[in-house]
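Here, residue 1 is the first one in the sequence, and each next residue gets the next number.
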Amino acid sequence: MGGDGFKNRFACCFSAPTASSSSSSIKLLLLTVPLILVSFLVFALVPRNSTSLFTSTLPSANTSENFGALTLSGFQSTAADIVHGGSEKSGLSDEAAAAAAALNGSASKSLDVEAEVAKNLKLQEKTKEESSNITINDPDSLNISIAGPVPNATISLPSKQSQPVRTKLDKLEAGLQRARACIKEAKNGSQLPDPDYVPIGPMYWNAKAFHRSYLEMEKQFKVFVYKEGEPPVFHDGPCKSIYSMEGSFMYMMDVDTKFQTNDPQKAHVFYLPFSVAKMVQFVYLRDSRDFSPIRRTVVDYVNVVSQKYPYWNRSLGADHFMLACHDWGPEASFSIPYLQKNSIRALCNANTSEKFNPVKDVSIPEINLQTGKLSGLIGGPSASRRPILAFFAGGVHGPIRPILLEHWEGKDEDIKVHKYLPKGVNYYEMMRSSKYCICPSGYEVASPRIVEALYNGCVPVLISKSYVPPFSDMLRWKAFSVVVSVDDIPRLKEILTKISLRQYIRLQRRVLQVRRHFEFHSPPKRFDVFHMILHSIWLRRLNVRISDDRTVMFN
């Protein structure tokens, strides 16, 4: 069309209408004006730089359902980034949301845009598939609530095949598992440094494993002491008698700030703080041989704590422990079947013929602290300044001591065996003058002479039946003591004289090294008897796995 023609036609639109052209001009105007208005409207609503947002974030379909699904996928990726500690991303921007609304409301889209959107949908699906294979490092963040285009939606992110959210008990058990692995690794590893003491030598079954286990105990072991019960039967015990370990341990545990926790959910074990020695004194009817008052006391106490707390029923007592140095400690534990079968029993009377189980129970030393302190109890000359071969003095009770007295009392100058010490002779001085101290069982298997011998640098001679010596899970007793059977009592001198001087010196040096584990200190010191008792309980707890569904596994 020529230029003049175009001008004439354009002019006709604004010139005075004629009868013939009036109707056609009106029709043309009605068609042109809406087109101009639509163009201005689209130009005003669409952001100038939003084309890339269209093609990268929006689906080809125009339904809000698909838009929501796409946004949910976008939040999945965002949540995963946050859980992994990556950069935080927001959902769709306000600009993108406005663009989406504009696009969903339009009547048409170009074919190029549709093709680009379809291409990007495939990319979104691929991203969505990749985001479902994420390993979550923080188990507490498995369930992530989101707010956005899809209200009240919760995304469950998988964590190694959707492991359940870990409870506090799960975390405790995970810590114990790490400790087990460290101890196992330490058996063949290098010895760790320690500012106080580095266990070494044949006195230990495995010094490296013991040391690492002890360090792991110091790092994480926690004990919850039940607060229920009143003195003198509960939270109290003898501290100045042959049963002093009952009261001393109980007192130390009550005032301890390192191992005790006031939060039972953080506890690995639970302490039942009753004293059998005090029960015998205040509950038992003297000379009645009726144990039922003691049994009722134990039953009532366990009933109280099991009804008030969930922990006894959760494990059936497997993570609970009692401690008793009285001869009737095992008898008291028989009051409740689970206390005897499942719980950790720390006993001086560690007699396997009375159902003591070395795998589950703990043998603790019997220490006669008449003053409650070690003052004057530890010492003694070197091995070369001990002229007496062997020494014993003590009451005649039980089946073993009569045999010892029958064969050796007043029979030999090298083996001094007495029912009663002559006047003016000091018991501890005799120990310090002797190479070997004879420690026979009495009515019960335990004897305070074992610890007294160690205190005075005298090699103990153990004569007993069915006795598990203290801390036998760590200590190799034959490396620093002499074990003699009851049948070999007549050969006692022969057995001792066959030990060479060099070997005796080794035994005596090991006695001096290992006695730190039997020393009582207030406040406690590392590796002393208080910590060794705790460590043996810690080891027993490592042998048990407990879950919230009341499943208990013994390793």
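- With hydrogens and angles disregarded, a donor-acceptor distance shorter than 3.5 Å links the side chain of T261 to the backbone of D263.
- Ring-plane geometry between Y243 and H326 is classed as tilted, the angle between the planes lying from 30 to 60 degrees on a 0 to 90 degree scale.
- Judged by distance alone, with hydrogens and angles left aside, the side-chain atoms of Y214 form no donor-acceptor pair with the main-chain N or O of M532 at under 3.5 Å.
- Looking at S248, its side chain does come within 3.5 Å of a backbone N or O of S244 through a donor-acceptor pair.
- Of the candidates R526, R212, K258, R526 is the only one forming a salt bridge (charged side-chain N to carboxylate O under 4.0 Å, His left out) with E218.
- Between H418 and F391, the angle of the ring planes lies from 30° to 60°, which puts this pair in the tilted group.
- Between the side chain of S433 and the main chain of M430, no donor-acceptor pair closer than 3.5 Å is present.
- Within the cation-pi definition used here (under 6.0 Å to the ring centroid, within 45° of the axis), R516 qualifies as a partner of Y197.
- Side-chain contact annotation: E354 with N349, donor-acceptor N/O pair under 3.5 Å present.
- Under the side chain to side chain contact (heavy atoms under 4.5 Å, CB included) rule, Q508 has a single partner from Q503, R386, K435, which is R386.
- Using bins of under 30°, 30° to 60° and over 60° for the plane-to-plane angle, the ring pair F259/H531 lands in the perpendicular bin.
- Of the N and O atoms on the side chains of R545 and Q177, at least one donor lies less than 3.5 Å from an acceptor on the other residue.
- More than 12 non-hydrogen atoms from other residues, nucleotides or ligands lie less than 6.0 angstrom from CZ of R515.
- Looking at F480, F471, Y455 one by one, the single match for ring-ring contact (aromatic ring centres under 6.0 Å, His included) with F518 turns out to be F471.
- With F334 as the aromatic partner, K355 meets the cation-pi criteria of under 6.0 angstrom to the ring centre and within 45 degrees of the ring axis.
- The aromatic rings of F249 and F530 lie tilted to each other, with the angle between the two planes from 30° to 60°.
- When all heavy atoms of I546 and S315 are compared, the pair lying nearest together is CD1-CB, 3.7 Å.
- Residues D549 and T551 bring a donor and an acceptor atom of their side chains to less than 3.5 Å of each other.
- Under the 30°/60° scheme for interplanar angles, the aromatic rings of Y309 and Y226 are found to be tilted.
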